[in-house]
Colleague: 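Provided herewith is a single structure, encoded as structure tokens, for subsequent inquiry.
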Amino acid sequence: MAMIEILQRISDTIWEIPVSYKQGMRVPARIYGTEKIIQELDEAVYDQVTNVATLPGITKYALCMPDGHFGYGFPIGGVAAMDVEQGGVISPGGIGFDINCGMRLVVTNLTYDEVKPHIKKLVDRLYERVPAGVGSTGFVKLSRHEFRKVVEEGAQWCIRNGYGWEEDLQLIEENGCIAGADSAKISEKAIDRGVNQIGTLGSGNHYLEIQIARPENIFDRELAKSLGITIPNQVVVMFHCGSRGFGHQVATDYLQIFLKVMESKYGIKILDRELACAPFHSPEGQAYFAAMKCGINMSFANRQVILHRIREVFSEILKKSPEDLDMHMVYDVAHNTAKLERHIVDGKERSLLVHRKGATRAFAPGMEDLPKQYKNIGQPIIIGGSMETGSYLLVGVNSGEQTFFSTAHGSGRTMSRAKARKIYRGDKLQKEMESRGIYVRSTSYSGLAEEAGGAYKNIDDVIEAAELAGISKRVVKLTPIGNIKG
DNA sequence: ATGTCC
């Protein structure tokens with residue numbers, strides 16, 4: 001029997017695997033996607049999402065967003081809400097190695113015509129001022145002691161030290177500083193790896209992109225206006241990065257700790273070592289939660305310093321102040337995280353640890369934690385597509401309740417990095433993209449080949465599936481004209 | 001994703 005026949009079709013875009021599929025499943029698994037997306041889905045995702053469904057405390061469903069694909073333990077695109085009052089666990093594999101990896105979007109008052117003559121200079125200068133690539137180090141020189149403050153204070157440390165505007169903070173989840181980050185829970189090795197990485201982009205699918213909001217790509221003019229997209233062919237800057245080697249080391253440290261205590265101390269048996277976890281209310285679980293929050297703050301600080309550099313570069317090349325260029329933030333939202341949230345499940349409000357691993361929080365209008373200017377329209381959602389095809393700005397909707405208010409985070413890969421390297425050539429791709437009006441700079445041609453648009457699902461399909469399923473609403477598609485890739 | 005294996 002083909003694997004796809006195991007799926008029960010709930011709607012055009014929601015597919016369920018019942019608990020009878022695998023011993024130990026506590027809840028059904030649900031995969032989001034159009035029929036086309038489901039047909040092309042790597043069947044290993046079925047195995048991963050149903051493994052997740054066996055974890056203690058999992059509530060309602062183990063979920064996979066329409067951009068889902070195979071990942072470490074959990075699928076990328078995975079959402080799992082654990083009831084922390086019912087023995088719910090915290091699992092690094094449900095958050096990702098790149099803790100609080102996320103997207104930030106900033107607007108300008110410039111049009112494509114105004115920026116076009118400067119695009120190469122802008123991209124070249126950004127490439128110099130925002131270090132990218134494996135092992136890159138930043139311009140912010142910190143002592144280990146000061147770096148510990150950064151990971152406890154996040155973007156708030158940056159604003160105090162002149163990297164950005166006060167108004168930026170309210171446009172970041174948690175106002176740029178999640179409470180409860182405790183650097184006493186961080187290893188010296190993690191400090192070593194992170195201390196020189198503030199203000200750096202990283203590698204892989206991390207990038208910084210100059211984009212255009214073309215009039216034909218605006219799906220809702222009123223909402224677009226509320227989000228700062230107000231002029232035809234407006235230039236915006238989007239970037240994607242996370243907590244670099246710091247977050248990676250935090251995840252590595254706690255995976256080891258969890259593997260030691262999970263079964264012997266807590267009697268938790270799992271189907272895959274990569275799902276290592278600990279009860280949320282255990283010393284180990286709480287220590288990881290506090291350490292993971294340092295990763296969250298490190299990534300907020302990282303993106304804040306990068307934003308500062310972007311404003312500097314635009315100001316230098318366009319010969320106007322960032323204020324005169326109206327370089328306001330739209331929002332900063334993460335897609336590799338676990339947050340303690342209150343959700344209503346079967347009519348009862350419960351305290352859930354919502355793991356989002358390659359999944360974006362998508363709060364509906366009126367929910368708490370939204371900046372006041374977005375309270376009525378819902379949370380801005382920033383979804384980065386491949387560097388060739390474009391990205392999206394969306395908002396959260398009421399029916400997002402079905403996924404604990406979560407949606408997709410990107411296009412989702414359709415082939416491995418190794419396969420992409422065989423099919424595409426970075427130098428050729430760079431030339432082709434330039435001829436199509438996208439000027440791209442990268443630290444590595446092989447890295448560029450891995451990120452070819454053809455190695456990803458069609459972003460329009462993913463976004464459409466999310467909208468049809470009622471987990472987010474399209475506002476504007478943003479298309480690239482310049483890209484800095486790690 | 002990642003000092004792309006201690």
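Each chain gets a letter, A, B and so on, in the order the sequences are listed, and its residues count up from 1. Heavy-atom basis, side chains included; hydrogens, waters and symmetry copies ignored.
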Colleague: For the pair made of NZ in K189(A) and P in dC5(B), what is the distance, rounded to whole Å?
Modeller: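 That distance rounds to 13 Å.
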Colleague: What nucleic acid atoms does G96(A) come within less than 4.0 Å of, heavy atoms only: base, sugar-phosphate, or nothing?
Modeller: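 Contact class for G96(A): none.
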Colleague: Under 6.0 Å between the ring centres of F147(A) and F246(A)?
Modeller: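 Yes.
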Colleague: How long is the line joining CD of E450(A) and P of dT4(B), in whole Å?
Modeller: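 My rounded result for the distance is 14 Å.
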Colleague: Mind checking S203(A) for me? I need base, sugar-phosphate or nothing, with any heavy atom below 4.0 Å counting as a touch.
Modeller: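 Base, at least one base heavy atom under 4.0 Å.
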Colleague: What is the distance, to the nearest angstrom, from the CD1 atom on I76(A) to the C1' atom on dT2(B)?
Modeller: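 To the nearest whole Å, that distance equals 13 Å.
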Colleague: With a 4.0 Å cut-off on heavy atoms, is K357(A) in touch with a base, just the backbone sugar-phosphate, or nothing at all?
Modeller: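 The answer is nothing, as K357(A) stays clear of every strand by at least 4.0 Å.
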Colleague: Would you mind reading off the distance between F97(A) atom CZ and dT4(B) atom P, rounded to a whole angstrom?
Modeller: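 The distance from CZ of F97(A) to P of dT4(B) comes to 14 Å, rounded to the nearest Å.
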Colleague: Kindly state each residue pair satisfying salt bridge (charged side-chain N to carboxylate O under 4.0 Å, His left out) with at least one member in residues 296-308 of chain A, sequence neighbours excluded.
Modeller: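 Qualifying pairs, neighbours excluded: R303(A)-D332(A).
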Colleague: What is the distance, to the nearest angstrom, from the OH atom on Y72(A) to the P atom on dT4(B)?
Modeller: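 Roughly 17 Å, once rounded to whole Å.
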Colleague: Suppose we screen for side-chain contact (heavy atoms from CB on, under 4.5 Å). Which residues come up paired with T389(A), at least two apart in sequence or across chains?
Modeller: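 Expected list: S386(A), I459(A).
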Colleague: So what does Q197(A) touch, heavy atoms closer than 4.0 Å: a base, only the sugar-phosphate, or nothing?
Modeller: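 Touches sugar-phosphate only.
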Colleague: Whole angstrom is fine here: how far is it from CG in L255(A) over to P in dT2(B)?
Modeller: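 The distance from CG of L255(A) to P of dT2(B) comes to 16 Å, rounded to the nearest Å.
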Colleague: What is the distance, rounded to the nearest whole Å, between atom OH of Y445(A) and atom P of dT4(B)?
Modeller: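 It works out to 23 Å between those atoms.
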Colleague: Could you point out which residue of R425(A), R421(A), K485(A) forms a salt bridge (charged side-chain N to carboxylate O under 4.0 Å, His left out) with E450(A)?
Modeller: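 For E450(A), the salt bridge (charged side-chain N to carboxylate O under 4.0 Å, His left out) test succeeds with only one of R425(A), R421(A), K485(A), which is R421(A).
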Colleague: Nearest-Å distance, CG (L448(A)) to C1' (dT4(B))?
Modeller: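 Going from CG in L448(A) over to C1' in dT4(B) covers 17 Å.
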